[in-house]
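Any value given below was found using the heavy atoms of this structure, including those in side chains, with hydrogens, waters and symmetry copies removed. These figures come from a predicted structure and were not determined experimentally.
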Amino acid sequence: MAAKSDGTAVSLQNDIPPTCLPGLDQPPPCRPAGKEFSLLDCCWTLCALLVFFSDGASDLWLDADYYLRRDYWSFALTLVFILIPSVVVQVLSFRWFAYDYLDANGTGTAAAAMVAASNGESQFSTKDSEQRGAGRSAVVAGTRSRAETCCRVCVWLFQSIVHILQLAQLWRYVHALYLGVQSRWRGSHEQRHFYWRMMFESADISMLRLLETFMKSAPQLVLQLSIVVKTSQVLPLQGLSASASLVSLGWMMASYQKALRDSRDDKLPMSYKAVMVSVLWHLFTVGARAMAFALFASIFQLYFGIFIVAHWCAMTFWIIQGETDFCMSKWEEIIYNMMVGIVYIFCWFSVREGPTRCRLLLYSLIVLVENVALTAIWYIYRSPRTSDFYAVVIVCVVACSYALGTFFMFVYYCLLHPDGPVSGTYIGCCGVQVGAVSDPCISSHTSAAPLDAVSSPPRTLQRTKGGESVAGGDNGDVFKVRPVAGSRTPAPRLTPRKEGPVIRIDLPRKQYPAWDAHFIDRRLRKTILVLESAAPVTPRIQYRCLGTPKEVMEYETTV
């Protein structure tokens, strides 16, 4: 099964099986077949809900306490860091819902799939997809029935109320949990369908929550810690709010990493041991970073603002200079880089493939120097009311927290990384993968180049419209039909499924840590769900294979 950029589906036999690059001692690990929604996954989602509620409720409770204490300045700042990030996330979430729910293609099958995806329709199956698609086509062509119109109005009203009440994350968590449970109760084909939808929902939740935590929880943590340092006393609600914000930051960094790994069928998922160690890693490093910020901000508020802006600009420029490949357009890529720059204020966040050792060590060195400088300046210019013993204790807390975070980072990379020990570049005695090519869709040197390969292509091909074409006779569609190629010998330990239809995406697979195109481009999601629901056998997704390891072929989506 394949699809063109207009969303129509055509049949396609199995394409070229991917092979591994020569010279690698170990072939890239591939996801075990039949991954299911487990009890641990359910517990993880419930714990994520608990973290979300504790973070939001503690901030609101503390803000109300500031108001009752007539501390209006702290009340206003706390309220700003609660409302603005929440509104931004709700607007983005509602925009995603509107695009997913609207029938952009106007086809009956697309309408059936989108209604099922948006409403959580439990009886969505492939048995009656043709009849239901034909019926919906007639409905789309004519006047919608009263029942369907009423249902759509209710869905829009429900989603509007949910987003106005700032509960979009709660609804998405519950929906993802529902889809996961359905994937366990349904048959073999429907199981994969619901699991696919659950992964799409989990990807959206991870992106929204990561944005929210670094726009709300991180500033909230620095604010409350600076108030504690300035007043030299800790209120119970202040400690509760700061702790909830810190746990939320560490949790979401690990959760984002886990969701990203789980979404890749060519990557081994993170174990929950690795996830918990990752939570501790980010919890301690971000805690030390926030404490250093709070110490400096408690004395030099203006200079702290200048420092934050300068650091953000430097990190954003660093990310842009690295030429990330995350979004489908230039301006979306710039906005994404700016948001990642906010994350870089507090912790490391790998955004592109390549040798990460130098970048990670450089960033860690910069953060260490900044933490030491900020803490030392506070120690020198601290208030006379702060005793030497109290100051030394705070400095030791910052140093120990950063040391513990670094320790857990090495534990994660040395012992619990999903890829395990790899041959290549190492950090000291630890097997940390930093530059090995791990894309199983790259063809070997001995195999002939695929038919769609071109020599020395530009970095980005222009969008195609109408009858325009690109080099090699390609019409530039994101999805397109490819002729069956000759059989090739797959690499050892890598046996892709050969039977059944395949959804061929005419884009090179973006290497980890970037999300795949079908997790970012929402129209590709629609097309995939339609094709998956209509196919008698669950299709597999295959990205374009590159001819050589150094060849770069990039397409912009036409949708």
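For the side-chain hydrogen bond (donor to acceptor under 3.5 Å, both in side chains) test with Gln90, the passing option among Gln169, His163, Arg95 is Gln169; the others fail.
For Ser86, the side chain to side chain donor-acceptor pair (under 3.5 Å) partners at least two apart in sequence or on another chain are Gln166. Checked against side chain to side chain donor-acceptor pair (under 3.5 Å), Ser38 has the following partners two or more places apart in sequence or in another chain: Asp41. Partners of Val91 according to the side chain to side chain contact (heavy atoms under 4.5 Å, CB included) rule, which considers only residues two or more places apart in sequence or in another chain, are Val87. The ring-ring contact (aromatic ring centres under 6.0 Å, His included) test applied to Phe214 returns no partner, not counting sequence neighbours. When the side chain to side chain donor-acceptor pair (under 3.5 Å) test is applied to Thr213, no partner is found at least two apart in sequence or on another chain. For the side chain to side chain contact (heavy atoms under 4.5 Å, CB included) test, residues two or more places apart in sequence or in another chain that qualify with Leu221 are Leu225, Ala242, Ser245, Leu246, Leu249, Ala290. Considering only residues two or more places apart in sequence or on other chains, Phe519 meets the ring-ring contact (aromatic ring centres under 6.0 Å, His included) condition with Phe200, Trp515. Legend: residues meeting salt bridge (charged side-chain N to carboxylate O under 4.0 Å, His left out) with Asp204, ordered by chain and number and at least two apart, are Arg172, Arg522, Arg525. Residues passing the side chain to side chain contact (heavy atoms under 4.5 Å, CB included) test with Leu157 are Ile161, sequence neighbours excluded. Here Phe52 pairs with nothing under the ring-ring contact (aromatic ring centres under 6.0 Å, His included) rule; sequence neighbours left out. Every residue two or more places apart in sequence or in another chain that forms a side chain to side chain contact (heavy atoms under 4.5 Å, CB included) with Trp44 is listed here: Trp251, Ser255, Lys258, Tyr272, Val275, Met276.
With hydrogens and angles ignored, the 3.5 Å screen pairs a side-chain donor or acceptor of Ser202 with a backbone N or O of Met198. In this structure a side-chain-to-backbone donor-acceptor pair under 3.5 Å is present from Thr285 to Trp281.
What you find for Ala244 and Asp55 is that their closest heavy atoms are CB-CA, 3.8 Å. Of all heavy-atom pairs between Ser206 and Met252, the closest is O-CE, 4.0 Å. Shortest non-hydrogen contact noted between Tyr99 and Lys526 is O-NZ, 2.8 Å. In terms of heavy-atom proximity, Leu177 sits nearest to Cys42 at CD1-SG, 3.6 Å. Across all non-hydrogen atoms, the minimal contact from Leu208 to Ser93 is CD1-CB, 3.8 Å. The two atoms that bring Pro269 and Pro418 nearest to each other are O-CB, 3.8 Å, heavy atoms only.
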Worked check of side chain to side chain contact (heavy atoms under 4.5 Å, CB included) between Glu201 and Tyr178: CA-CA 11 Å; Glu201 192 69 65; Tyr178 165 80; over 6 Å; no

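Contact check for Val279 versus Phe408: no side-chain heavy atoms found under the 4.5 Å cut-off. For the pair Met409 and His282, the minimum side-chain heavy-atom distance is 4.5 Å or more. Residues Phe37 and Phe194 have side chains not in contact (no heavy-atom distance under 4.5 Å, counting atoms from C-beta outward). For the pair Met199 and Leu179, the minimum side-chain heavy-atom distance is 4.5 Å or more.
Note: Ser271 OG to His417 NE2 = 11.0 Å, rounded to the nearest 0.5 Å. Once rounded to the nearest 0.5 Å, the distance linking CE of Met253 with CG of Leu283 reads 12.5 Å. Separation of atoms CE (Met207) and OH (Tyr256) is listed at 5.5 Å; rounding is to 0.5 Å. The distance from atom OG of Ser160 to atom CZ of Phe94, rounded to the nearest 0.5 Å, is 4.0 Å. Note: Lys216 NZ to Ile84 CD1 = 13.0 Å, rounded to the nearest 0.5 Å. To the nearest 0.5 Å, atoms CG (Asp59) and CG (Leu240) are separated by 9.0 Å.
The aromatic rings of Phe97 and Tyr101 lie parallel to each other, with less than 30° between the two planes, well short of the 60° mark.
Identified under the salt bridge (charged side-chain N to carboxylate O under 4.0 Å, His left out) test for residues 268-286, with sequence neighbours left out: none.
Environment of CH2 in Trp156: crowded, with over 12 heavy atoms of neighbouring residues, nucleotides or ligands closer than 6.0 Å.
A donor and an acceptor atom, one from each side chain of Arg197 and Ser183, are nowhere located under 3.5 Å apart.
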